[in-house]
**Q** 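Quick one: this structure, given as C-alpha cells, is what I'll be asking you about.
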Amino acid sequence: MSSKHLKIYTAARFSDRARLRAARDRMFQMGHECTASWLDEVAKPETMTIEVFNKKLAIKDFTEISAADIIVVDTLEPLITVAETSSGGGREVELGFALGQWHRKEVWRVGPARNVFHQLVDRAFADWDECLEALDG
C-alpha cells in the first residue's frame, strides 16, 4: 500500500485476540500503529457495572476505528453454528461502522466473505501474510 505510517484497526472475534497479536506486532515492526486496544483488553473494575463497562468499551472501539486509516476485518475462524457462537457480533458492528466512513478510510478483509457486507471491502486477502505484505509494500 504505502511506506508511510498507517493507523490500523483490526476487527475479529474477541476469542481470536491472541492470534491477532502476532499480526499487530508485525505491523508495529513495519512502522504502523495498531489502534485496536481490545487485543490487550483489561478486566472490568470491580466498582463498575457490566453495562457501564461494556458501554465504555464500545465507545472506545468506535473512537479507535475513527482514528484508523484502515480497518482490517479478520474472518479466518472456522465456520460454526449459531449455537456454538460465543461472540456478541462486535466485529460485524465494527465493520458496519467503518463501512459508514467509506470516504475516510479503507476497509480490508483477511479471510473468506461470510456475509454480503464482507463483499464491500476495498481489498481482500486469503491470510495475514498476504495482508501484511500489502501493508509492507
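None of the values given here were measured: they were computed from a predicted structure.
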**Q** List the residues meeting side chain to side chain donor-acceptor pair (under 3.5 Å) with Asp69, not counting sequence neighbours, and say none if there are none.
**A**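 Partners of Asp69 under the side chain to side chain donor-acceptor pair (under 3.5 Å) test: none.
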**Q** Looking only at atom types and distance, does a side-chain atom of Arg123 sit under 3.5 Å from a main-chain N or O of Phe125, one as donor and one as acceptor?
**A**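 Such a contact is absent between Arg123 side chain and Phe125 backbone.
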**Q** With the side chain counted from C-beta on, respond yes when Pro112 and Arg114 share a heavy-atom pair under 4.5 Å apart, and no when they do not.
**A**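 The answer is yes, as the side chains (C-beta and beyond) meet within the 4.5 Å cut-off.
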**Q** With sequence neighbours excluded, tell me which residues meet salt bridge (Lys or Arg N to Asp or Glu O under 4.0 Å) with Glu64.
**A**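 Result, salt bridge (Lys or Arg N to Asp or Glu O under 4.0 Å) vs Glu64: Lys60.
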**Q** Considering all heavy atoms of both residues, which atom of Ser66 and which atom of Gln101 are nearest to each other, and what is their separation?
**A**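 That would be OG-NE2, 3.6 Å.
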**Q** Ion pair present between Asp74 and Arg19, side-chain N to carboxylate O less than 4.0 angstrom?
**A**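 Yes, Asp74 and Arg19 are salt-bridged.
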**Q** Out of curiosity, Trp38 CH2 to Thr10 OG1, how far, rounded to the nearest 0.5 Å?
**A**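 Trp38 CH2 to Thr10 OG1: 5.5 Å, rounded to 0.5 Å.
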**Q** According to side-chain contact (heavy atoms from CB on, under 4.5 Å), who are the partners of Ala98, at least two apart in sequence or on a separate chain?
**A**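 Applying side-chain contact (heavy atoms from CB on, under 4.5 Å) to Ala98 gives Ile65, Ile71, Lys105, Val107.
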**Q** For Arg21, check side chain to side chain donor-acceptor pair (under 3.5 Å) against everything at least two apart and list the hits.
**A**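 Listed in chain order: Asp40.
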**Q** Let me check something: do Phe14 and Leu20 share a hydrophobic cluster, defined by ILVMFWY side-chain heavy atoms less than 4.5 Å apart, either directly or through other members?
**A**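 Both belong to a single hydrophobic cluster.
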**Q** Can you give me the closest heavy-atom contact between Cys34 and Leu39, atom names plus distance?
**A**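 That would be SG-CD1, 4.0 Å.
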**Q** Can you list the residues that meet the side chain to side chain donor-acceptor pair (under 3.5 Å) rule with Asp129, with sequence neighbours excluded?
**A**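 For Asp129, the residues satisfying side chain to side chain donor-acceptor pair (under 3.5 Å) (neighbours in sequence not counted) are Arg26.
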**Q** Which pair of non-hydrogen atoms, one from Trp128 and one from Ala23, has the smallest distance, and what is that distance?
**A**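 Heavy-atom minimum between the residues: CE3-CB, 3.6 Å.
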**Q** Got a second to check how far Arg24's CZ is from Arg17's CZ, nearest 0.5 Å?
**A**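 That separation rounds to 11.5 Å.
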**Q** Are the side chains of His5 and Glu33 in contact, using a 4.5 Å heavy-atom criterion?
**A**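 In short, these two side chains touch, coming nearer than 4.5 Å.
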**Q** Evaluate Asp136 against Glu133 for side-chain contact (heavy atoms from CB on, under 4.5 Å), listing each step before the verdict.
**A** CA-CA 5 Å; Asp136 202 22; Glu133 186 177 311; 5.7 Å; no
**Q** Can you tell me if Lys55 has over 12 outside heavy atoms packed within less than 6.0 Å of its NZ?
**A**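 Result for NZ/Lys55: open.
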**Q** Just wondering, do Leu135 and Leu6 contact through their side chains at under 4.5 Å, heavy atoms?
**A**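 Counting from C-beta outward, Leu6 and Leu135 do come under 4.5 Å.
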**Q** Side-chain heavy atoms nearer than 4.5 Å, only ILVMFWY residues, links allowed to pass through others: does that put Val110 and Val116 together?
**A**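 Yes; tracing contacts between hydrophobic side chains, which count when under 4.5 Å, links both residues.
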**Q** Using the test side chain to side chain donor-acceptor pair (under 3.5 Å), find all partners of Lys7 that sit at least two apart in sequence or belong to another chain.
**A**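 Lys7 satisfies side chain to side chain donor-acceptor pair (under 3.5 Å) with no residue once adjacent residues are dropped.
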**Q** Using the side-chain contact (heavy atoms from CB on, under 4.5 Å) criterion, which residues pair with Ala58? Sequence neighbours excluded.
**A**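 Once residues adjacent in sequence are excluded, Ala58 has no partner under the side-chain contact (heavy atoms from CB on, under 4.5 Å) criterion.
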**Q** Taking only residues two or more places apart in sequence or in another chain, which ones pass ring-ring contact (aromatic ring centres under 6.0 Å, His included) with Phe62?
**A**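 For Phe62 the ring-ring contact (aromatic ring centres under 6.0 Å, His included) partners, ignoring immediate neighbours, are Phe97.
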**Q** When clusters are formed by joining ILVMFWY residues with side-chain heavy atoms under 4.5 Å apart, either directly or through shared neighbours, do Phe28 and Leu132 land in the same one?
**A**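 Different clusters: Phe28 never reaches Leu132 through Ile, Leu, Val, Met, Phe, Trp or Tyr contacts under 4.5 Å.
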**Q** So which heavy atom on Gly111 is nearest to which on Leu76, and how close?
**A**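 Distance-wise, the nearest heavy atoms are CA-CD2, 3.5 Å.
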**Q** Would you say the side chain of Lys56 lies within less than 4.5 Å of the side chain of Asn54, judging by non-hydrogen atoms?
**A**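 The answer is no; the side chains never approach within 4.5 Å.
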**Q** Taking ILVMFWY side chains as joined if any heavy atoms are under 4.5 angstrom apart, and letting links pass through other members, which residues group with Met48?
**A**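 Direct or chained contacts put Met48 with Ile50, Val52, Phe53, Leu57.
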**Q** Which heavy-atom pair separates Ala11 from Glu94 by the least distance, and what is that distance?
**A**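 For Ala11 and Glu94, the tightest heavy-atom pair comes out as CB-OE1, 3.2 Å.
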**Q** Taking C-beta and beyond as the side chain, do Trp108 and Ile70 meet within less than 4.5 Å on heavy atoms?
**A**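 The answer is yes, as the side chains (C-beta and beyond) meet within the 4.5 Å cut-off.
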**Q** Going by salt bridge (Lys or Arg N to Asp or Glu O under 4.0 Å), name the residues that satisfy it together with Asp61, two or more places apart in sequence or in a different chain.
**A**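 For Asp61, no residue satisfies salt bridge (Lys or Arg N to Asp or Glu O under 4.0 Å) once neighbours in sequence are set aside.
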**Q** Which atom pair, heavy atoms only, marks the closest approach of Ile8 to His32?
**A**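 Heavy atoms only, the tightest pair is CD1-CB, 3.8 Å.
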